[in-house]
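Presented below is the structure to which this report refers.
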Amino acid sequence: MSVLRSVVTGVGGYLPETIVTNDDLAKIVDTTDEWVRERTGIRRRHRAAEDQAVSDLAVEAAKRALAAAGRTPADVDLIIVATTTADLTFPATAAIVQRKLGCPVGIAFDVQAVCSGFVYGLTVADGFVGRGHSKCALVIGAETMTRLMDWTDRGTCVLFGDGAGAVVLEPGEGQGTTADRGLLGFALRCDGTKQDLLYVDGGPSTTGTVGKLRMLGNQVFKHAVVNISEAVIAAAAQAGVPVADIDWFIPHQANERILKGVAHRLGIDEHKVIQTVADHANTSAASIPLAWAEGMADGRIKKGDLLLIEAMGGGLTWGACVIRL
Ligand code: UT7
């Protein structure tokens, strides 16, 4: 049976130039390189320049993804930006990216699911591409998380970084089997009762300010491994593939202990895990496409491979997708 699939045809990542090490942070908060590395696996993170907005990061990642796909901005008819650090309260960062890239009039909007934003955004894009409503879609995860930090809170300010990653999605004819290229299965979740564990304490309709990130890290940690594993199993079941068949596991990069814990619980070999948390820290919605771009650039991830992505973040939201590249 012939089916339309959403196929990833290009991936790109962009990290701003400035690198901030754990030792740099130890000069402004009561922390040590040793504590941050042992508890999180993080060694450094990138920080956007003062004159760089999140749309600038998104545009760079998008250009690289389009080049990898052999497409130009003129081809793009759908842009979804997953971000929690928009340039402005409105318009959507996706509209700004459309203008900066010089794409024609098309569909453009943002998805707000915090660290799970890229997983949510990819699934939403599949609804357009997989039904023939988009011929060339950009799904971008882009964040300037350092702008949300309370630089007096050592429990959070050492954890996050800035960056952007993007994929190009195009329709492809499949046979309705697990050998098809494209998005094969997904699971999305949100439990709004866990809002107080991870949030930003400001917003246009409450304080009228942007606010700062607040997190009860150890409580978020407790939910992470179990919840993520359940979503992965559901996504793999929907795709019709055993988790053991996954070639590359590309998790959201929040904490090395979480991603190793999920891999262990699911029986995924550590060598199949793409890890960038040491050098990128937690870039929220950008972390999966950034890691994916790195795995492609160094030749590990290849066309035809079966990929598993997953994330968890504020909401609490979480989810997973199974994709054949
Ligand atoms: O992407 C969104 C999802 N977010 C996550 O997945 C984050 C999940 N959580 C985590 O990754 C971990 O919980 C953290 C890395 C945030 C914290 O690690 P932890 O092992 O859960 O530590 P903790 O929060 O229980 O704190 C242990 C101790 C505390 O001191 P006391 O009360 O035991 O004296 C903290 O005050 O570590 C202290 N601490 C620090 N010490 C040095 C907290 N932050 C720091 C720090 N440097 N930066």
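These values consider heavy atoms only, across backbone and side chains, with no hydrogens, waters or symmetry-generated copies. We count ligands from 1, going down the list as the structure has it; atoms in each ligand are counted the same way. We number each residue from 1, following the sequence as shown.
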With a 6.0 Å cut-off (strictly less than), is the heavy-atom count around [atom1] of [X], excluding the residue itself, greater than 12?
X      : atom1 : value
Arg47  : CZ    : no
Lys303 : NZ    : no
Gln195 : CD    : no

* Can Gln112 and Thr84 be counted as having a side-chain donor-acceptor contact under 3.5 angstrom? ->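 Yes, Thr84 and Gln112 have a side-chain donor paired with an acceptor closer than 3.5 Å.
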
Starting from the N and O atoms of ligand 1, collect every protein N/O partner closer than 3.5 Å and put each pair on its own line with the distance to 0.1 Å.
residue	atom	partner	partner atom	Å
ligand 1	1 (O)	His252	NE2	2.9
ligand 1	1 (O)	Asn282	ND2	2.7
ligand 1	9 (N)	Gly217	O	3.0
ligand 1	11 (O)	Asn255	ND2	2.7
ligand 1	13 (O)	Gly217	O	3.1
ligand 1	13 (O)	Asn218	N	3.3
ligand 1	20 (O)	Arg39	NH1	2.8
ligand 1	20 (O)	Arg257	NH2	3.0
ligand 1	22 (O)	Arg39	NH1	3.3
ligand 1	25 (O)	Asn218	ND2	3.2
ligand 1	36 (O)	Arg154	NH2	3.0
ligand 1	37 (O)	Trp35	NE1	3.4
ligand 1	41 (N)	Trp35	NE1	3.4
ligand 1	47 (N)	Thr31	OG1	2.7
ligand 1	48 (N)	Thr31	OG1	3.0
ligand 1	48 (N)	Arg154	O	2.9

List, one per line, each side-chain donor-acceptor pair under 3.5 Å for residues 92-100, sequence neighbours excluded.
residue	atom	partner	partner atom	Å
Thr93	OG1	Asp87	N	3.4
Gln98	NE2	Pro104	O	3.1
Lys100	NZ	Ser55	OG	2.8
Lys100	NZ	Asp56	OD1	2.9

* Mind checking whether Asp305 and Arg300 have side chains closer than 4.5 Å, heavy atoms only? ->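 A side-chain contact under 4.5 Å is absent here.
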
